[in-house]
Amino acid sequence: MKFTLEAKDTQSKARAGTVTTAHGEIQTPIFMPVGTAGTVKAVHQRELKNDIDAKIILGNTYHLYLRPGLDTLERAGGLHQFIGWDRPILTDSGGYQVYSLSKVRKIKEEGVTFRSHIDGSKHLFTPEYAMDIQRTIGADIIMAFDECTPYPCDYKYAAASINMTHRWLKRCCTRFDTTEPKYGFDQTLFPIVQGSVYKDLRIKSAEFIASMEREGNAIGGLSVGEPAEEMYAMTEVVCDILPSDKPRYLMGVGTPVNILENIALGVDMFDCVMPTRNARNGMLFTKNGIINIGNKKWANDFSPIEADSDLFADKVYTKAYLRHLMHSKEILGAQIATLHNLHFYLWLVKQAREKIVSGEFTAWKNKMVTILGNKL
């Protein structure tokens with residue numbers, strides 16, 4: 001993997017670059033649609049490419065490990081072949097499940113023991129096994145195995161947790177560096193900065209992650225319920241330490257406003273389930289603010305979902321029709337809303353990139369953040 005830095009904003013730390021992988025180039029800043037179980041929910045791969053123009057999507061190691069399972073994925077020739085996707089893929093390592101499955105897991109130095117949410121069966125993820133699993137899945141970018149601490153989190157626990165995450169990272173690197181990719185293309189390992197919302201822990205973790213000198217770096221544990229101001233403060237601290245010649249990936253973030261503010265702090269890559277999950281619940285993100293399509297005010301609004309969009313669904317379907325579909329629990333409603341939200345998120349980061357290159361980012365960002373959170 002290569003990262004080329006192409007432009008910097010003069011009034012913020014925003015940057016535009018290009019990540020080059022075996023499956024294509026990714027222009028940054030970029031948003032990655034989440035395809036947890038080998039599918040971005042309610043969207044065809046053809047739509048992801050042609051309508052949303054997603055340059056990279058994300059898969060979830062824990063879920064893919066359970067279903068369809070490693071044997072099926074390896075027989076298929078990896079996740080790209082299995083799902084019919086020829087652009088880059090990033091996989092998380094299962095570390096987030098350490099956080100989200102707190103009632104059915106046990107953490108120890110060796111690794112994490114899980115109970116499957118499907119059938120209750122017991123599984124052990126070690127740092128080494130997390131690397132092996134991601135080799136078998138075959139993503140272009142894979143993540144180190146870490147512990148994502150909750151919020152709020154006791155300082156003593158957070159300090160012990162980052163030390164263990166760093167020990168696990170050394171084991172991940174050793175395993176990754178002593179194994180080969182399975183499908184004839186290179187893979188890249190990103191370490192993850194942790195430390196909850198404690199500045200000294202974030203500094204310690206960022207310095208350690210930077211010292212590992214991998215090809216890119218991630219920031220974790222900042223989408224677990226902390227106030228946005230805490231997220232921004234920790235992101236700024238970390239971005240000032242992580243090397244500027246490598247991509248920075250903020251995991252699990254967030255709202256359109258979160259994304260713009262974190263781009264201004266120096267983040268290059270984002271993922272979040274928000275555009276897809278909220279779409280299925282009738283929340284649309286638009287250039288003028290947020291629409292809850294279930295509200296009665298849209299029942300007889302026959303204007304296009306977003307008239308000046310270049311997405312066919314935005315221009316062809318009306319707000320009234322989409323509201324009817326959602327109220328009728330028709331599958332097409334979830335499909336249209338998901339297409340819209342993902343297209344909007346990709347439009348937003350593409351606009352951010354153009355504004356960084358043209359030198360207009362900060363003024364544009366400041367205007368947009370006052371608009372995007374409005375409820376229409």
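At most 12 heavy atoms of other shown residues, nucleotides or ligands fall within 6.0 angstrom of atom CG in Asp186. Counting non-hydrogen atoms of other residues, nucleotides and ligands closer than 6.0 Å to NZ of Lys182 gives a total above 12. Residue-environment remark: CD1 (Ile331) stays at or below the threshold of 12 foreign heavy atoms within 6.0 Å. Around the NE2 atom of His44, the shell of radius 6.0 Å holds no more than 12 heavy atoms that belong to other residues, nucleotides or ligands. Residue-environment remark: CD (Glu109) exceeds the threshold of 12 foreign heavy atoms within 6.0 Å.
Interatomic distance, Lys204 NZ to Ile209 CD1, rounded to the nearest 0.5 Å: 11.0 Å. Met143 CE to Tyr249 OH: the interatomic distance, rounded to the nearest 0.5 Å, is 5.5 Å. Here the straight-line distance linking atom CG of Leu325 with atom CD1 of Ile336 works out to 5.0 Å at 0.5 Å rounding. Taking OG of Ser205 as the reference point, atom CD1 of Ile162 lies at 5.0 Å (rounded to 0.5 Å). How far CZ of Phe125 is from CD1 of Ile107: 13.5 Å, rounded to the nearest 0.5 Å. From Asn50, atom CG reaches atom CZ of Arg46 across 7.0 Å, with rounding to the nearest 0.5 Å.
The only option from Lys13, Arg248, Met234 that meets the side-chain contact (heavy atoms from CB on, under 4.5 Å) definition with Cys239 turns out to be Arg248.
The backbone N or O of Ala158 sits nowhere less than 3.5 Å from a side-chain atom of Ser161 that would complete a donor-acceptor pair. No donor-acceptor distance shorter than 3.5 angstrom exists from the side chain of Tyr317 to the backbone of Gly333, with no hydrogens or angles considered. A donor-acceptor distance shorter than 3.5 angstrom exists from the side chain of Arg87 to the backbone of Ala54, with no hydrogens or angles considered. Using a distance-only test at 3.5 Å, with no hydrogens or angles considered, a donor-acceptor pair links the side chain of Arg323 to the main chain of Gly294. With hydrogens and angles disregarded, a donor-acceptor distance shorter than 3.5 Å links the side chain of Asn281 to the backbone of Arg277. At distances below 3.5 Å, at least one donor-acceptor pair connects side-chain atoms of Ser12 with backbone N or O atoms of Ala14. Judged purely by atom type and a 3.5 angstrom limit, Asn258 uses its side chain to pair as donor or acceptor with the backbone of Thr255. Arg105 places no side-chain N or O within donor-acceptor distance of the main-chain N or O of Val112, the cut-off being under 3.5 Å. Judged purely by atom type and a 3.5 angstrom limit, Glu261 has no side-chain atom pairing as donor or acceptor with the backbone of Tyr232. Using modelled atom types, one side-chain atom of Asn341 and one backbone atom of Phe285 make a donor-acceptor pair closer than 3.5 Å.
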Q. Should Gln134 and Tyr65 be marked as a side chain to side chain donor-acceptor pair (under 3.5 Å) after you check the CA-CA gap, both sets of side-chain angles, and the distance that decides it?
A. CA-CA 9 Å; Gln134 290 180 89; Tyr65 162 80; over 6 Å; no
Q.
ring-ring contact (aromatic ring centres under 6.0 Å, His included) for His340 and Tyr345? Distances and angles first, verdict last.
A. CA-CA 9 Å; His340 166 83; Tyr345 267 61; 9.8 Å; no
(Q) Using the rule given for side chain to side chain contact (heavy atoms under 4.5 Å, CB included), can you reason through Leu64 versus Leu79, listing the C-alpha separation, both sets of side-chain angles and the distance that settles it, and then say yes or no? (A) CA-CA 9 Å; Leu64 292 166; Leu79 186 60; 3.8 Å; yes
Q.
The test is side chain to side chain donor-acceptor pair (under 3.5 Å); show your working for Glu360 and Ser358 and say whether it passes.
A. CA-CA 6 Å; Glu360 304 168 280; Ser358 68; 2.6 Å; yes
Q: Go through the steps to decide whether Asn217 and Val193 satisfy the test side chain to side chain contact (heavy atoms under 4.5 Å, CB included), and finish with yes or no.
A: CA-CA 8 Å; Asn217 298 294; Val193 176; 5.7 Å; no
Q.
Between Thr149 and Gln194, is the side chain to side chain donor-acceptor pair (under 3.5 Å) condition met? List the steps.
A. CA-CA 8 Å; Thr149 52; Gln194 289 289 352; 4.5 Å; no
Q: Quick one: do Asp146 and Thr165 satisfy side chain to side chain donor-acceptor pair (under 3.5 Å)? Show the steps, please.
A: CA-CA 5 Å; Asp146 65 330; Thr165 286; 5.4 Å; no
Q. Going through the checks in order, is the side chain to side chain contact (heavy atoms under 4.5 Å, CB included) test met by Glu306 and Lys287?
A. CA-CA 8 Å; Glu306 192 142 39; Lys287 298 169 188 174; 3.4 Å; yes
Q: Given salt bridge (Lys or Arg N to Asp or Glu O under 4.0 Å), test Lys49 with Asp86 step by step and report yes or no.
A: CA-CA 10 Å; Lys49 284 184 69 171; Asp86 61 2; 3.1 Å; yes
Q: Go through the steps for Thr91 and Asn60 under the test side chain to side chain contact (heavy atoms under 4.5 Å, CB included), then give the verdict.
A: CA-CA 6 Å; Thr91 45; Asn60 184 283; over 6 Å; no
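Of the N and O atoms on the side chains of Asp200 and Tyr155, at least one donor lies less than 3.5 Å from an acceptor on the other residue. Side-chain contact check for Lys319 and Ser303: at least one donor-acceptor pair (N or O, by modelled atom type) lies under 3.5 Å.
Nearest approach of Pro127 to Cys172, heavy atoms of both residues: CB-SG, 3.6 Å. Contact record, Ala130 with Phe145: CB-CB, 3.9 Å, taken as the closest heavy-atom pair. In plain terms, the two heavy atoms of Phe270 and Ile259 that are nearest each other are CZ-O, 3.6 Å. Closest approach of Phe3 and Ser244 over heavy atoms only: CE2-O, 4.1 Å. Taking all atoms of both residues into account, the shortest heavy-atom contact from Ala206 to Leu242 is O-CD2, 3.9 Å. Contact between Ile356 and Arg15 at its shortest, heavy atoms only, is CD1-O, 3.5 Å.
With hydrophobic clusters built from ILVMFWY side chains whose heavy atoms lie under 4.5 angstrom apart, Leu250 does not share a cluster with Ile203. Residues Tyr151 and Tyr198 are members of separate hydrophobic clusters, defined by side-chain heavy-atom contacts under 4.5 angstrom among Ile, Leu, Val, Met, Phe, Trp and Tyr.
A salt bridge between Asp53 and Lys55 is present, with a side-chain N of the basic residue lying under 4.0 Å from a carboxylate O of the acidic one. A salt bridge does not link Glu215 with Lys2: none of the charged nitrogens is closer than 4.0 Å to a carboxylate oxygen. Between Lys365 and Asp9 no salt bridge is recorded (no basic side-chain N to carboxylate O distance below 4.0 Å). Salt bridge annotation for Asp119-Arg67: absent, with no cationic side-chain nitrogen under 4.0 angstrom from a carboxylate oxygen. With respect to the salt-bridge test (charged N to carboxylate O, under 4.0 angstrom), the residues Arg171 and Glu128 qualify.
When ring centroids are compared, Phe185 and His80 come within the 6.0 Å threshold. Side-chain rings of His123 and Tyr129 stay apart, their centers remaining 6.0 Å or farther from each other.
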Please report, to 0.1 Å, the donor-acceptor pairs under 3.5 Å made by any side chain of residues 26-39, with sequence neighbours excluded.
residue : atom : partner : partner atom : Å
Thr28   : OG1  : Gly17   : N            : 3.0
Thr28   : OG1  : Gly17   : O            : 3.2

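Asp271 has its side chain within reach of Met251: a pair of non-hydrogen atoms, C-beta onward, lies under 4.5 Å apart.
The hydrophobic cluster containing Ile142 also includes Met131, Phe176, Leu189, under a criterion of side-chain heavy atoms closer than 4.5 Å among ILVMFWY residues, counted directly or through chains of members.
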